[in-house]
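Residue numbers run from 1 in the order of the sequence given. Ligands are counted one by one from 1 in listed order, and the atoms in each one are counted from 1 as well.
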Amino acid sequence: MIKKLIRKFLGVKDGAARDPSQPDVLGREQHGIDPALISPNAVRVTRTLQEAGYAAFIVGGAVRDLLTGVKPKDFDVATNATPEQVKRLFRRAFIIGKRFQIVHVMFGQELIEVTTFRGIGSGNAPKDEHGRVLRDNQFGPQHEDAARRDFTINAMYYDPASEQVLDYHGGVADIRARTLRIIGQAEQRYREDPVRMLRVVRFAAKLKFEIEPATRQPIHVMAPLINNVPPARVFDEMLKLLMSGHAMACVEQLRKEGLHHGLLPLLDVVLEQPIGMKFVTLALDATDQRIMAGKGVSPGFLFAALLWHQVLEKWTAYQAAGESPIPALHLAADAVLDSQTEKLALQRRIATDMRDIWAMQPRFERRVGKSPYKLLEHPRFRAGYDFLLLRCASGELEDELGNWWRDFYEASDLDARDSLIQAANSGLGAAAKKRRPRRGGRRRKGGEGGDSGGADA
Ligand code: ATP
Ligand code: MG
C-alpha cells in the first residue's frame, strides 16, 4: 500500500506494468540526491568512461546511501566497457578477481571499483553440485546487470552527468518504504550465492529495513548452504558484518534468521550465559562506537572477544585435568583457533593477534617486581589492556584489577608506578589477592610464573 502510494507520487510504473528492460528514470527533483556527497574521483571515472564512448554509472551501495542522504563510504562504478578497456583509460588501474573480474582504479588512497555489466546468460555459468555459481564473467546489457544484482535497493544506477537515477526494480520505492527485497526468486538467488543470505542480515541490521517475507522465508532452510562457500569469502563477509557499525544488531539478526550455526560456533551458548552475553555485547558495542567515530578496529581484537568465552571454558577444563594455568591457556587457545580456522579461514595475522591478546591476560594478574613494566612494553599492550577492561566490565573479573591497571598505565612517573605495585602487594592489595575470577573457578597455583605466558605462542 505504502509502496503503491510512493510509486504513484514518484510517477513510476508498478508491478506487472513493468518491462524489466526499461528502467524508471528519475530526475533530481524526484530522487533528491545531493551531488556534494559524491566522491570527485567517482565522477572522474564515470566522466572518463563516458568521454571514451562508454556507458558509466555510479551503482550499488553508493546510490542506496545517496538516496538516504548518507555519505557513501566507497563508490562502485558499472560500465559496458570490458575490464581491459577500462584498464587502458586510467593510469593506476588493476584487473583483479577470478570468480568475478573487476578493475580497481586508484586515486591516492581512494579506490573506485569498476565492474562491467554482467549478463544473465543462458544459465550455463559454471556451478558446483549445490548450484553455487563458480564464475560470473559473462558480460551483457545493463538491464541484465540490474537483474543479477542482489537487492532492489542495490540495483540502481546514477549518472553524475545527467543527475538521473535509473531504477530497474523499484529500488527507490523500496528505500522509501524501508524494505529489503531480493531480485528474482529468493531460493534460486541464495542457491547461486549463499553469501547473499549474510548480506540480507547485514543490510537489514545496518539500514534498519524490514526484510520482505519472500526474501526472508527460505533463509532458515537454506542456511546450511553457507557451508559450501569458500571459508575466505565467508570470513570477508563476517568481517563486513562485524565492522558495519551495527555489529550487535547483525549478530542478533544472524541468530534470528538461524544463520549463526557454524559461523561462530557456540556463540549461542555464550550469549545464553549472563556473563558471556554481557562480554560479547560490550565488545560489539565498543566496536560499533569506534566505527561510528571513524576509528579503526582490529579484527584480531574483535574475534578474540567473540571467542573468549570458549577459550575460558577450555582453559578451565585443561586446568581441571591437571595442566598448569599458562600451558592450559595456550592449549585452550590452540583448540579454539583450530576449530575456527576450518569455518572462518582466520588469517594467520589475525590469529596471531588473538593469541597475543589472550596470552597476555594472566600477566595482568601478576603485579609484582618488574612484571607490570614488562607487560607495559608489550607491542600489543593496548589491545590486551582494553580486553582486560572488557573482562572487568562484564563482571568476569573484579573492577579493582582494571582500575589498578588504568592507574598504572596512566601514571606520570616511575615513583607513582612503584607505589602502585607496592600497594597491590600490601594491605591495599589484599583484596586483589583474594580476588578470583567469578567464572570457571580458576585457581592460582604456586609458582605460576606469569611472565612465561609471554605474548607469542
Ligand atoms: P557496502 O555499503 O557494504 O559497500 P554495497 O551494496 O556497495 O554495500 P558491495 O559488496 O560493495 O556492497 O557490492 C556492490 C554491489 O554489487 C551491490 O550493491 C550489489 O548490487 C552487487 N553485489 C555485491 N555482492 C553481490 C552478490 N553476492 N550477489 C549479487 N549482487 C551483488
Ligand atoms: Mg560498496
Side-chain angles (χ1 to χ4, degrees), residues 23 37-39 41-42 45 57-68 70-79 96-97 99-105 110-121 125 127 131-138 140 142-158 165-169 171 174-175 180-186 188-209 215 219 222 225-226 228-230 233-247 250 291:
L37 295 177
I38 303 174
S39 147
N41 290 325
V45 171
F57 300 86
I58 292 172
V59 72
V63 183
R64 182 189 72 223
D65 290 347
L66 288 168
L67 279 165
T68 48
V70 174
K71 193 175 168 64
K73 63 171 171 44
D74 50 39
F75 286 81
D76 301 312
V77 166
T79 178
I96 62 146
R99 179 185 167 276
F100 193 92
Q101 242 186 17
I102 59 180
V103 186
H104 278 177
V105 181
E110 193 180 8
L111 162 72
I112 308 287
E113 278 194 10
V114 184
T115 42
T116 304
F117 294 149
R118 257 49 178 190
I120 294 173
K127 295 187 176 130
R132 188 172 67 83
V133 173
L134 296 174
R135 262 188 311 284
D136 186 1
N137 283 319
Q138 183 164 355
Q142 186 172 4
H143 70 272
E144 290 192 9
D145 183 77
R148 52 150 303 289
R149 290 181 180 272
D150 46 7
F151 307 107
T152 59
I153 59 166
N154 283 347
M156 293 174 287
Y157 302 76
Y158 177 72
V165 168
L166 271 53
D167 180 5
Y168 287 88
H169 294 278
D174 278 340
I175 284 199
L180 189 66
R181 184 191 312 271
I182 200 153
I183 297 172
Q185 210 247 341
Q188 186 196 337
R189 300 306 309 279
Y190 297 144
R191 205 172 287 285
E192 287 166 2
D193 182 7
V195 166
R196 289 176 185 146
M197 292 186 273
L198 299 178
R199 291 174 61 88
V200 168
V201 164
R202 176 157 62 92
F203 292 124
K206 176 174 155 180
L207 303 167
K208 301 194 178 67
F209 275 26
T215 302
I219 295 182
M222 302 189 81
L225 286 181
I226 305 237
N228 308 322
V229 177
R233 197 153 171 250
V234 176
F235 179 78
D236 281 352
E237 192 54 38
M238 281 306 288
L239 209 53
K240 278 194 187 175
L241 214 131
L242 294 169
M243 304 258 197
S244 65
H246 303 269
C250 282
I291 302 264

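- At a threshold of 4.0 Å, the pair R118-D145 does not count as salt-bridged, since none of the basic side-chain nitrogens sits closer than that to a carboxylate oxygen.
- With respect to the salt-bridge test (charged N to carboxylate O, under 4.0 angstrom), the residues D193 and R233 qualify.
- For the pair A186 and T215, the tightest heavy-atom approach, listed with the atom from each and the gap, is CB-CA, 4.3 Å.
- Between D150 and R199, at least one side-chain N (NZ, or NE/NH1/NH2) sits under 4.0 Å from a carboxylate O, which counts as a salt bridge.
- In terms of the salt bridge (Lys or Arg N to Asp or Glu O under 4.0 Å) criterion, residue partners of R189 (sequence neighbours excluded) are, by chain and number, E192.
- Within 4.0 Å of ligand 1, the residues that place a heavy atom are G60, G61, R64, K73, D74, D76, R148, R149, D150, N154, D193, R196, R199, R202, F203, K206, R233, K240, listed by chain and number.
- Side-chain atoms of Y157 come within 3.5 Å of backbone N or O of A146 as a donor-acceptor pair.
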